[in-house]
There are 2 protein chains.
Amino acid sequence: MNNSVSIKDIAKKFKCAPSTISRALNDHPAINIETRKTIQEYALKVGYQKNTLSLSLLNNCSMTLGLVLPSITHYHESSMLEGMEEILLKSGYLLNICVSNESHTIEKEYIDRLLANRVDGLFISMAQESYDQQLGEHIDRVIQRSLPVIFIDRPNHGVASDRVVTDDYQGAFMATKHLIDMGCQRIAHLHGPSGISVSQQRFLGYQDCLIAHGRQVEADLIQYVHFSAESAIQATRILMQSDSKPDAIFGVNDEVCIAAMFVLREMGISVPNEVAIVGFDDIPLASFGHPPLSSVSRQSRKIGEEAAKLFLSKKDQKLEPVTISLDPKLIIRESSLRS
Amino acid sequence: MNNSVSIKDIAKKFKCAPSTISRALNDHPAINIETRKTIQEYALKVGYQKNTLSLSLLNNCSMTLGLVLPSITHYHESSMLEGMEEILLKSGYLLNICVSNESHTIEKEYIDRLLANRVDGLFISMAQESYDQQLGEHIDRVIQRSLPVIFIDRPNHGVASDRVVTDDYQGAFMATKHLIDMGCQRIAHLHGPSGISVSQQRFLGYQDCLIAHGRQVEADLIQYVHFSAESAIQATRILMQSDSKPDAIFGVNDEVCIAAMFVLREMGISVPNEVAIVGFDDIPLASFGHPPLSSVSRQSRKIGEEAAKLFLSKKDQKLEPVTISLDPKLIIRESSLRS
DNA sequence: CTGAAAGCGCTAACAG
DNA sequence: CTGTTAGCGCTTTCAG
């Protein structure tokens, strides 16, 4: 399957030692400048491509990184990936992407493969299953190898480790505060899947803000959803059909809020006047909702950039674990603007 | 950086040859079953992890693939990626992802890196720049190495090669036909970036359908956009402020249509009665638009699955180049339903 | 049943 | 300025 030409092949052609070719190709000053040129040209002509695998073996460094994510179809994740790519492109790294689909088994399998391929570092947003069942030994194993591991969004069960996150708690607090400021009295929450840090933090921010303003956290006002729009349909209906209807909804992400607005429209309930809405993530389509959706931006792309930079700064010198926490930004649009 | 234990280390511990350890770890029947067990247990205990790089070097096969995409933040791309992952997970492959950001230079750089890392195959959706400037030698070089290359969505300048695509032409034709059937007289098109196959095919389907129904293709009814929602704002305004307003819009993707509906709402123009709309891609949020957006589904996830399967079927036996063309599906929702 | 040796592609130390 | 040699981690003949 592989027709590739090696340094030895070139050496034969020039009737010299492989090391000479190696040096010439690497522009080693000890080699006659003329010879260097000739060899380089020939290499180019025959399409010589350095085999990095051999170097990885030699130098114990593969210039390859692993990224393990529960999914990739949400804007936040793919945008983060683009941020990482941008930084890593310049540093010569290649990124192995692995989608765990929230499964612990798959996550473990992928991590094994990444280790076998000797990635130089690992970025991971843990699968819900791993998180739920407190299964962390597969990752501890990686850390014990003193391989840099950087957690994204979801932490590693409180174990001190490098992390890049948005302050979800603060973002949720800000969103809830904003709804209170708008005069909303009964603020509901579309709660993300339990066990996931992102869901928990957003709920806590919501809860603490209510409490800080002398409000109750009412069980009726909380409905559990997944991160998909579909999952919010039923939840929103239940919310609005209850005896104690909310006059605001803070959703765990934008998708569920867009679905909620859809249901409200169907029910003839006006947004923001009867029900004000704030989402999370600030996906590009948020501003084109009906009405435009207020949302907490978590700077997805920047998370990726920061994670990549953190790795680059860590790879040489071992330092204490660092948590980079980005500030969320509340983007106020019509869906929560009451006059 | 790498504390990893090698087969040699284990051999020392057991005072035997590395080859014995290798065999034991691979469950070679020639090794005493007892010894095998003991060695395997020890390996597990000390966290031995096979170094796949050495095998790649040995077997000329890295179990690693490359995926080069112009971007990853659109649902179509990330969903396709998930489809690929699902298939490749079972076959033991790891996927290197590279986002070219439509730049030829970056694309080339990434392909070089992938080749240097000896990927066993390459999936690519060409950057617009490469496409525009007919720059294909970087990819021809890959093909000449007889490395399997599978084109996704965007073909390789008509050169026969393995491809997985949705039939964009047919999808556009169906969408346009549907608008005609709904009684629309002046069907506008939000045309994607020129030079990109996807844009061209969708335009051609639109054009040919109009012609097939005795309509004219009017320049006034065509506005160029990018694949982002923002880009459609201005385009839609121009369309609706012209002397010859359209009564339907077929957009190159769902994002631009959602933005178009937003502008129409602002202008007080009703959808679908004054202007009917059909998009492309059927993103998850399409059904939650106001009104729900009709769209042509291109089976994004399936494209990824088919591409992965195609690679797996090709890797052993060399066969003639194959084009897998998936049928698009028109999903009719309110945005185009006239009574 | 187990060991020794060669080799995948490359570089770097050491000689010439 | 260039060649020789060893070795990264592993498997696989070929011998014992």
Side-chain angles (χ1 to χ4, degrees), chain A residues 1-40 43 46-64 112-113 115-120 145, chain B residues 1-40 43 46-64 92 112-120 145:
Chain A
M1 193 183 288
N2 215 321
N3 296 340
S4 58
V5 29
S6 81
I7 228 170
K8 257 187 186 166
D9 301 329
I10 304 185
K12 251 175 233 158
K13 207 81 185 173
F14 283 85
K15 290 184 181 124
C16 67
S19 51
T20 306
I21 306 296
S22 168
R23 281 186 274 246
L25 259 23
N26 290 319
D27 248 338
H28 196 293
I31 301 285
N32 186 331
I33 183 90
E34 288 302 317
T35 337
R36 247 190 279 170
K37 282 264 183 291
T38 334
I39 292 179
Q40 286 174 9
V46 298
Y48 168 78
Q49 188 78 324
K50 191 192 290 232
N51 185 333
T52 313
L53 296 177
S54 63
L55 287 184
S56 306
L57 205 54
L58 207 55
N59 305 332
N60 211 7
C61 160
S62 66
M63 292 303 279
T64 280
D112 272 348
R113 263 182 228 176
L115 287 182
N117 273 66
R118 294 296 188 267
V119 290
D120 293 334
R145 284 172 163 252
Chain B
M1 191 183 287
N2 215 321
N3 296 339
S4 58
V5 29
S6 82
I7 228 170
K8 257 187 183 166
D9 300 328
I10 304 185
K12 251 175 233 158
K13 206 80 185 175
F14 283 86
K15 290 182 181 123
C16 67
S19 49
T20 306
I21 306 295
S22 168
R23 282 187 272 247
L25 259 24
N26 290 320
D27 248 340
H28 195 293
I31 302 285
N32 186 332
I33 183 91
E34 287 303 317
T35 336
R36 245 190 282 171
K37 283 263 181 293
T38 335
I39 293 179
Q40 286 174 10
V46 298
Y48 168 78
Q49 189 78 324
K50 190 192 293 232
N51 185 333
T52 312
L53 296 177
S54 62
L55 288 183
S56 307
L57 204 54
L58 207 54
N59 305 329
N60 209 8
C61 159
S62 67
M63 292 303 279
T64 281
D112 273 348
R113 261 182 230 176
L114 291 171
L115 287 181
N117 273 68
R118 295 296 190 266
V119 290
D120 293 333
R145 286 174 162 249

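Worth knowing before you read on, the calculation uses all heavy atoms, side chains too, and leaves out hydrogens, waters and symmetry mates. Every chain is numbered from 1, with letters handed out A, B, ... down the list of sequences.
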How long is the line joining [atom1] of [X] and [atom2] of [N], in whole Å?
X        : N      : atom1 : atom2 : value
A:Asn60  : C:dT11 : CG    : P     : 16 Å
A:Asn59  : C:dA12 : CG    : P     : 7 Å
B:Lys50  : D:dC8  : NZ    : P     : 19 Å
B:Asn117 : C:dC8  : CG    : P     : 20 Å
A:Arg36  : D:dC1  : CZ    : P     : 8 Å
B:Ile10  : D:dT11 : CD1   : P     : 11 Å
B:Leu53  : D:dC10 : CG    : P     : 10 Å
A:Lys15  : D:dG3  : NZ    : P     : 13 Å

Side chain to side chain contact (heavy atoms under 4.5 Å, CB included) with B:Gln40: which of B:Ile21, B:Thr35, B:Asp27?
->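 Only match with B:Gln40 under side chain to side chain contact (heavy atoms under 4.5 Å, CB included): B:Asp27.
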
Nearest to side-chain heavy atoms of [X], which nucleotide of [options]:
X       : options               : result
B:Tyr48 : D:dC10, D:dT11, D:dG3 : D:dC10
B:Ser54 : C:dG9, D:dT4, D:dG9   : D:dG9
A:Ala30 : D:dC10, D:dG3, D:dT2  : D:dT2
B:Ile7  : C:dC10, D:dT11, C:dT2 : D:dT11
B:Leu57 : C:dT11, C:dG9, D:dT11 : C:dG9
A:Asn32 : C:dT11, D:dT2, C:dA5  : D:dT2
B:Leu55 : C:dC10, C:dG3, D:dC10 : D:dC10

Counting any heavy atom closer than 4.0 Å, what does B:Phe14 reach on the DNA or RNA strands: base, sugar-phosphate only, or nothing?
->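 Contact class for B:Phe14: none.
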
Just checking A:Ser6: base, sugar-phosphate only, or nothing, at a heavy-atom cut-off of under 4.0 Å?
->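 Sugar-phosphate, backbone atoms only, no base.
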
base_contact_polar (D:dG3 base, A:Arg23 side chain, donor-acceptor, <3.5 Å) |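 Flag set: donor-acceptor pair detected.
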
Do the side chain of B:Thr35 and the base of C:dT2 come within less than 3.5 angstrom through a donor-acceptor pair of N or O atoms?
->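 Answer no: no donor N or O sits under 3.5 Å from an acceptor.
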
Please name the pair of heavy atoms, one in B:Asp112 and one in A:Gln49, separated by the smallest distance, quoted to 0.1 Å.
->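 Nearest heavy atoms, B:Asp112 then A:Gln49: O-NE2, 3.0 Å.
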
Which pair of non-hydrogen atoms, one from B:Ala43 and one from B:Leu25, has the smallest distance, and what is that distance?
-> CB-CD1, 3.9 Å

How about B:Lys37 and B:Asn32: does a side-chain donor come under 3.5 Å of a side-chain acceptor?
-> no

First locate atom OG of B:Ser56, then atom CG of B:Asp120, and finally report the distance between them rounded to the nearest 0.5 Å.
-> 7.5 Å

I want to check one thing: is the phosphate of [N], taken as OP1 and OP2, less than 4.0 Å away from some side-chain N or O of [X]?
X       : N      : value
B:Asn26 : D:dT11 : yes
A:Ser22 : C:dT11 : yes
B:Ser19 : D:dT11 : no
A:Lys8  : C:dG7  : no

So do the side chains of A:Tyr48 and A:Ile7 get within less than 4.5 Å of each other, counting heavy atoms only?
-> yes

